[in-house]
Amino acid sequence: MSSAFDKLARPVQKWIRQQGWRELRDIQARSIRTIYETNADLIVAASTAGGKTEAAFFPLISQVLDEPFDGTGFDLLYIGPLKALITDQAMRLEGICQEAELPVVPWHGDVSQSIKTRALKSPKGILLITPESLEALFIRRGLKIARLFGATRAVVIDELHTFLDSERGVQLRSLLTRLELAIKRPIRRIGLSATLGDMDLAKAYLRPDAASSVQLIEADGGEAELRLQLRGYFSGDEDETCPSATDAIAAHLFKHLRGSDNLVFAGARQRVEIYADRLRELCAREQLPQEFYPHHASLSREHRDFVERRLKDAAKPTTAVCTSTLELGIDIGDVTCVAQIGAPFSVAALRQRLGRSGRREGQPAILRQYAVETKLMAESSFVDRLRLGLIRSIAMIDLLLEGWCEPPKPQALHLSTLVHQILSVIAQRGGASASAVYNVLCREGPFRRVTTEVFADVLRAIGHPETGLIEQADSGLLLLGPTGEKLVDHYSFYAVFKTPEEFRLVAEGRDLGTLPIDNVLAPGMLLIFSGRRWIVQEIHDREKVIVVKPAKAGVPPVFGGDAGEIHDKVIDRMFAVLEGGTSPAYMDSVSLTMLEEARAQYQLLGFRNENIHSFGEHRSIIATRVGTVKTSTLALALRSEGFSVEQHDGFLQVENGDETPDLRAVLGRISAGDARDIFGGAGNLVSEKFHPYLHHELLVLDACSSKVDTSCLGTLSERLRS
DNA sequence: GACCTGCTGCGGGATG
């Protein structure tokens with residue numbers, strides 16, 4: 001074994017030998033050297049099952065054993081985004097730590113109180129925890145934090161990419177800063193991930209004050225061969241003889257996926273239910289055993305566990321038709337093929353999904369992309385004519401092949417999460433001065449974009465007697481107000497993200513899962529859910545329970561959702577595809593026909609030379625050629641001028657009444673900086689959990705830092721009108 | 001025009 005191996009503590013070496021490993025992987029050897037030779041923060045980037053966890057923990061555990069820190073508390077901290085991942089990783093670490101007699105403590109909502117009580121009494125070893133449970137520790141045991149983490153030498157953040165620019169990521173970075181302030185020294189940060197697009201941005205997220213000193217250990221090459229096919233399907237010509245696109249795709253999946261483990265990403269929970277139902281029917285018709293199962297977040301934990309166990313079980317071929325639930329997280333083993341129905345929303349997600357396939361030596365990664373487009377008719381809309389779904393699929397696959405994926409957005413203010421953290425700091429300390437809270441969160445912590453003026457404005461908003469989240473004592477100390485007290489006291493406070501209200505679906509006394517409250521259901525109605533068909537028997541409004549029993553037919557439920565956000569670069573590539581002449585080799589003949597039609601229509605509508613195409617006096621299509629943030633900013637501006645606007649990938653469809661002014665004139669006014677208040681007619685600006693406690697001006701400020709880009713309006717409208 | 005993630009403390013009753 002290598003020199004890196006020699007550095008490790010005896011019990012760790014012994015465990016490695018017991019596994020029969022002949023040598024350490026390259027990233028493990030490099031990580032061991034870096035951790036032993038420097039105090040640097042570290043990013044370990046390698047594919048799933050690439051040995052990242054060991055790369056971090058072999059040297060860390062060794063250091064804990066050979067050169068323990070002075071002080072009390074847990075020696076190492078691990079943060080995971082999912083409960084299931086923590087359970088999995090705790091089991092893996094248990095093996096290594098048994099030999100070393102180092103306790104491994106999993107800690108999340110499903111871990112029993114007795115394990116937590118014992119760990120609090122004698123905190124040592126490795127603590128594996130979610131951001132929310134760590135948050136709860138700060139609020140419930142605020143004064144004990146220094147004692148619990150006094151000896152902590154490193155924090156390992158798993159699936160680092162999920163914590164980059166999300167509200168949850170900001171919360172985590174705030175908690176890590178507060179942890180370092182509590183123990184009065186920095187803790188080495190180690191991020192693990194398979195899907196980081198821009199390493200410099202990831203470094204800046206891991207350690208904002210010293211991004212350039214963050215070390216990067218990246219697994220080199222070894223990428224599996226990629227086999228790729230894009231298939232086109234026409235919908236809208238269903239009759240007796242010709243199957244619908246859905247049936248045709250289901251039949252194709254059935255033929256090619258049966259007999260092995262696969263993941264089918266259907267894009268939406270309703271489509272998951274539809275495809276799982278069709279595939280189930282096909283198995284039943286051919287009298288074959290079931291091997292296609294739905295998997296999404298509204299299905300009961302019990303059903304999801306069953307599907308995950310089947311995927312892990314090599315003896316039972318299983319295809320999960322899923323949403324992003326199976327995109328990351330627990331190890332389900334290698335799958336033969338990844339199918340994607342409809343265009344994905346981000347290249348990053350596509351890359352993460354594809355990483356589930358082709359992980360075994362000599363096995364290719366296989367991506368089957370299905371695009372559904374309607375047959376063109378005289379009255380077809382421009383969205384159908386330009387085949388925007390297919391074009392986006394091509395653009396995303398191209399960018400994936402080039403190794404690009406969406407970077408995080410570092411400029412966002414995250415005011416909702418700021419409100420949460422203000423309450424959390426006050427609760428942790430039992431009261432705090434405004435300047436102390438500002439220093440912790442905005443000077444040291446992740447809310448660096450928040451100026452003292454905006455911070456004071458947020459304090460005034462949440463301290464307003466009508467809001468009642470905080471109040472000020474005569475001494476000037478900030479305390480929780482009556483509403484704040486109630487909020488922080490409930491367990492629902494710990495998560496920074498919003499969750500919708502739902503009904504529980506029950507059959508024969510067992511939970512099937514949950515349904516959003518806006519599904520209109522009545523007794524006697526039919527339903528497809530959890531891959532089976534049901535009839536509604538009873539609805540209990542107060543308990544939010546729907547009782548169903550099996551039925552022969554069913555209708556897929558409605559799940560709702562938000563608008564996706566497509567990056568500028570993806571839209572830019574879509575226009576390049578529409579204007580280009582060559583066709584990728586991975587396309588089938590139907591999708592090639594669709595691409596030719598799209599290019600011809602693009603030419604016909606004049607978008608090669610023009611940005612605006614008008615249909616008569618009242619309707620125009622604008623090719624904005626930019627992503628969702630900029631396009632929706634222009635949409636807001638045009639709406640405030642009285643236009644009715646529909647938004648699509650890189651395009652706006654604009655309609656005006658008789659009274660509305662000329663589109664080009666309005667664009668001219670906007671480009672001259674003479675636009676109206678685009679938030680005057682205020683769409684709904686309340687999108688995050690703590691937004692309801694902020695006033696309009698703060699909500700506008702928050703939106704402008706992430707969802708809207710007013711700075712682009714001038715140049716964008718100038719370019720479009722000329 | 002979509003998806004996903006998370007959760008404490010206490011009281012009451014059963015069990016050894």
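Note on naming: letters A, B, ... go to the chains in the order of the sequence lines (proteins, then strands), and numbering restarts at 1 for each one.
Counting non-hydrogen atoms under 4.0 angstrom, A:Arg301 reaches nothing in the nucleic acid. A:His490 comes within contact range of no nucleotide atom at all, as no heavy-atom separation falls under 4.0 Å. If you check every strand for non-hydrogen atoms under 4.0 Å, A:Asp489 touches nothing. Across all strands shown, A:Tyr494 has heavy atoms under 4.0 Å from sugar-phosphate atoms exclusively, and none from any base. Counting any heavy atom pair closer than 4.0 Å across all strands shown, A:Ser492 reaches a base atom. Heavy atoms of A:Gly564 sit under 4.0 angstrom from at least one base atom.
At whole-Å resolution of the value, CD in A:Glu273 and P in B:dC3 are 12 Å apart. Atom-to-atom, CZ of A:Arg168 to P of B:dC7 comes out at 8 Å; the value is rounded to the nearest Å. Put simply, CG on A:Asp649 is 13 Å from P on B:dA2, counting in whole angstrom units. Summarising the geometry, the separation between CZ on A:Arg353 and P on B:dC3 is reported as 11 Å, rounded to the nearest angstrom. In this entry the distance linking CG of A:Leu172 with P of B:dC7 reads 13 Å, nearest Å. Taking atom CD of residue A:Gln340 and atom P of nucleotide B:dA2, one finds them 14 Å apart after rounding to whole Å. Rounded to whole angstrom, the span from the CD atom of A:Glu159 across to the C1' atom of B:dC3 amounts to 16 Å. Taking atom NZ on A:Lys83 and atom C1' on B:dC4, their separation rounds to 13 Å, with Å as the unit.
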Criterion ring pair (Phe, Tyr, Trp, His ring centres under 6.0 Å) on A:Tyr370 and A:Tyr275, from CA distance to verdict:
CA-CA 13 Å; A:Tyr370 295 88; A:Tyr275 279 96; 8.3 Å; no
Please lay out, stage by stage, how A:Glu688 and A:His414 fare under the test side-chain hydrogen bond (donor to acceptor under 3.5 Å, both in side chains).
CA-CA 9 Å; A:Glu688 304 289 349; A:His414 300 286; over 6 Å; no
Start with the C-alpha distance between A:His691 and A:Ser416, add both sets of side-chain angles, then the distance that settles side-chain hydrogen bond (donor to acceptor under 3.5 Å, both in side chains), and finish with yes or no.
CA-CA 5 Å; A:His691 273 163; A:Ser416 167; 5.2 Å; no
Show the distances under 3.5 angstrom between N or O atoms of the protein and N or O atoms of nucleotides 11-16 of chain B.
none

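Side-chain contact check for A:Gln421 and A:Arg178: at least one donor-acceptor pair (N or O, by modelled atom type) lies under 3.5 Å. Counted by atom type alone, A:Arg168 and A:Gln171 present zero donor-acceptor pairs between their side chains at under 3.5 Å. The closest side-chain donor-acceptor pair between A:Ser298 and A:Arg269 falls under 3.5 angstrom.
Dashed line: the shortest gap from a side-chain N or O of A:Thr499 to OP1 or OP2 of B:dT5 is not under 4.0 Å. The side chain of A:Lys116 places no N or O atom within less than 4.0 Å of a non-bridging phosphate oxygen (OP1 or OP2) of B:dG9. At least one side-chain nitrogen or oxygen of A:Ser133 sits closer than 4.0 Å to the OP1 or OP2 atom of B:dC7. Between A:Arg269 and B:dC4 there is a side-chain polar atom (N or O) within less than 4.0 angstrom of OP1 or OP2.
For the pair A:Lys544 and A:Phe503, the NZ or CZ position fails the cation-pi test of under 6.0 Å to the six-membered ring centre and within 45 degrees of the ring normal.
The side chain of A:Glu132 lies closest to B:dC7, out of B:dC3, B:dT5, B:dC7. Listed nucleotides: B:dT5, B:dG9, B:dC7. Nearest to the side chain of A:Gln113: B:dG9. Side chain of A:His296, nearest nucleotide from B:dT5, B:dC4, B:dC7: B:dC4. Closest approach to the A:Phe345 side chain among B:dC4, B:dA2, B:dC7 is made by B:dA2 (side chain taken as heavy atoms from C-beta onward).
Within 6.0 Å of NZ in A:Lys144 there are 12 or fewer heavy atoms belonging to other residues, nucleotides or ligands.
In this structure a side-chain-to-backbone donor-acceptor pair under 3.5 Å is missing from A:Asp511 to A:Ser300. With A:Glu273 contributing its side chain and A:Pro556 its backbone, the two residues share no donor-acceptor pair below 3.5 Å.
Side-chain atoms of A:Thr325 and A:Arg304, non-hydrogen and from C-beta on, do get closer than 4.5 Å to each other.
Contacts of residues 134-145 of chain A with DNA chain B (heavy atom under 4.0 Å): A:Ala136, A:Arg140, A:Arg141.
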